[in-house]
Number of protein chains: 2
Amino acid sequence: MSKEQVISKLIPVFRQYGYEGTSLAMLSKATGLGKASLYHYFPKGKQGMAEAAMNHIALHFEETVLQSLQEPGSPEVKIVRMCKALANFYDRGKNNCFLAIMSLGEAGRLFHDRVKQRLEIWIEAISKVLIEAGIKPEIAWRRSQDAIGEIQGALMLVRILNEPEIFMRILNNLPWKLIQ
Amino acid sequence: MSKEQVISKLIPVFRQYGYEGTSLAMLSKATGLGKASLYHYFPKGKQGMAEAAMNHIALHFEETVLQSLQEPGSPEVKIVRMCKALANFYDRGKNNCFLAIMSLGEAGRLFHDRVKQRLEIWIEAISKVLIEAGIKPEIAWRRSQDAIGEIQGALMLVRILNEPEIFMRILNNLPWKLIQ
DNA sequence: GTCTATACACCGATAGAC
DNA sequence: GTCTATCGGTGTATAGAC
């Protein structure tokens, strides 16, 4: 089994149970590998596994969500494309956000800088498209923050209320909120 | 030391480290009581402590945030009053939301029903004020959900970006977003 | 009520055989 | 590369003296 395959089996566990709620026993079961085998792939242990998971997801995010903002088209087209990519990325609201998960508790302490960096990259990417649409930079930055906040809030609501439609509704309204 | 005093010392620990990230050793240190003494107050152990913390916060929430919607005044006044109460309740964005914390991982499994109930009470309370302002019930419910989503998203952004102004900005914009 | 001492399971991590 | 066996530490929880 390749390391990438292992990582993709680790991700759902961290996503569901959080960093501290995930044990090596769970990761062992999810991958079918013994604990010691996991240490062969990840000498830094649980922290290394979480880092690898985060990097894997960050790459996937870049290739889908961020990429959707860079392909050709008008700002409106780009934003709509991003929303479609986000619906897939968060599995229509059923996925927790990995960044949000890794910003809490002990994980927050361990990974704060990386998490913050990733979030800022996303804000920056949306912001750039808004500026391209003629919106002033400060306003663009604020609106991008607000949009990501709405997405994160919607994910929290879905998690608690079990109503994925909330996430899709927010996503559908995002384009005109961003561009107006 | 009264049980209420003990509970108020447990809360910040759960809030910062999450349910699974919090150990009895931490709670012991925070309260100044030995582990066995904590079991005197909370025979159900850590779960009982988290429940007590949640109940305590729920009561405080009712007495401040929900109460602000029930005191006399126009719908606009009530919403503005709620936003002020929220700024205090979440310490201007520096506090994590206890419901959000308790909706993750093992805590999510243990407390899901109670958390969901609390969130719905809040949505209902805002919704009622919007209906009073002449907004149609389905729209009122949706807008209340959205508002709470924005608040939660803002708290997540503040946590990661270390910029409490984001939370206050969202709060300032809430009244006209809700009433329009 | 609060303590010390402790039970026992599980944690993350490692050694070393194969 | 994967395993079994095991380490030291910590987790939650309890017993029982005071």
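A, B, ... follow the sequence lines: proteins, then strands. Residue 1 opens every chain.
Judged as a side chain to side chain contact (heavy atoms under 4.5 Å, CB included), and not counting sequence neighbours, the contacts of A/Ala140 are A/Ser127, A/Leu130, A/Ile131, A/Ile135. Judged as a side chain to side chain contact (heavy atoms under 4.5 Å, CB included), and not counting sequence neighbours, the contacts of B/Tyr17 are B/Val13, B/Thr22, B/Met26. Looking at residues two or more places apart in sequence or on another chain, you find no side-chain hydrogen bond (donor to acceptor under 3.5 Å, both in side chains) involving A/Arg92. Residues forming a side-chain hydrogen bond (donor to acceptor under 3.5 Å, both in side chains) with B/Glu150 (at least two apart in sequence, or on another chain): B/Lys177. Listed by chain and number, the residues in a ring-ring contact (aromatic ring centres under 6.0 Å, His included) with A/His60 are A/Phe89 (sequence neighbours excluded). With sequence neighbours excluded, the residues that form a side chain to side chain contact (heavy atoms under 4.5 Å, CB included) with B/Gln67 are B/Gln70, B/Glu71. In this structure B/Phe14 satisfies the ring-ring contact (aromatic ring centres under 6.0 Å, His included) test with no other residue, sequence neighbours excluded.
DNA chain D is contacted by A/Gly32, A/Leu33, A/Gly34, A/Ala36, A/Ser37, A/His40, A/Tyr41 of residues 30-46 of chain A, taking any non-hydrogen atom closer than 4.0 Å. Residues of residues 99-107 of chain A that place a heavy atom closer than 4.0 Å to DNA chain D do not occur. Contacts between residues 5-20 of chain B and DNA chain D, counted as heavy-atom distances below 4.0 Å, involve no residue at all.
Listed here is the closest heavy atom pair of B/Ser28 and B/Lys35: OG-N, 3.8 Å. Residues B/Trp122 and B/Met82 share a closest heavy-atom pair of NE1-SD, 3.8 Å.
Under the 4.5 Å side-chain heavy-atom criterion for grouping Ile, Leu, Val, Met, Phe, Trp and Tyr, B/Val80 is not connected to B/Leu174 through any hydrophobic cluster.
Fit an axis to the five pairs at each end of the helix from C/dG1-D/dC18 to C/dC18-D/dG1 and the two axes sit 0° apart, to the nearest 10 degrees.
Among the candidates A/Arg159, A/Gln16, A/Arg15, the single residue satisfying the side-chain hydrogen bond (donor to acceptor under 3.5 Å, both in side chains) test with A/Asn96 is A/Arg159.
Rounding to the nearest 0.5 Å gives a distance of 10.0 Å between CG of A/Leu10 and NZ of A/Lys3. Atom CE in B/Met156 sits 14.0 Å away from atom SG in B/Cys97 (nearest 0.5 Å).
Residue B/Ser2 is classed as having no contact, given no heavy-atom separation below 4.0 Å to the nucleic acid. B/Thr22 comes within 4.0 angstrom of sugar-phosphate atoms only, judged by non-hydrogen atoms across all strands, and of no base.
Here B/Phe98 and B/Phe61 keep their ring centres 6.0 angstrom or further from each other.
Of the possible polar contacts, one joining the A/Gln5 side chain to the A/Ser2 backbone as a donor-acceptor pair under 3.5 Å is found.
Contacts between chain A and DNA chain C, taken as any atom within less than 4.0 angstrom of a protein heavy atom, begin and end at C/dC11 to C/dA15.
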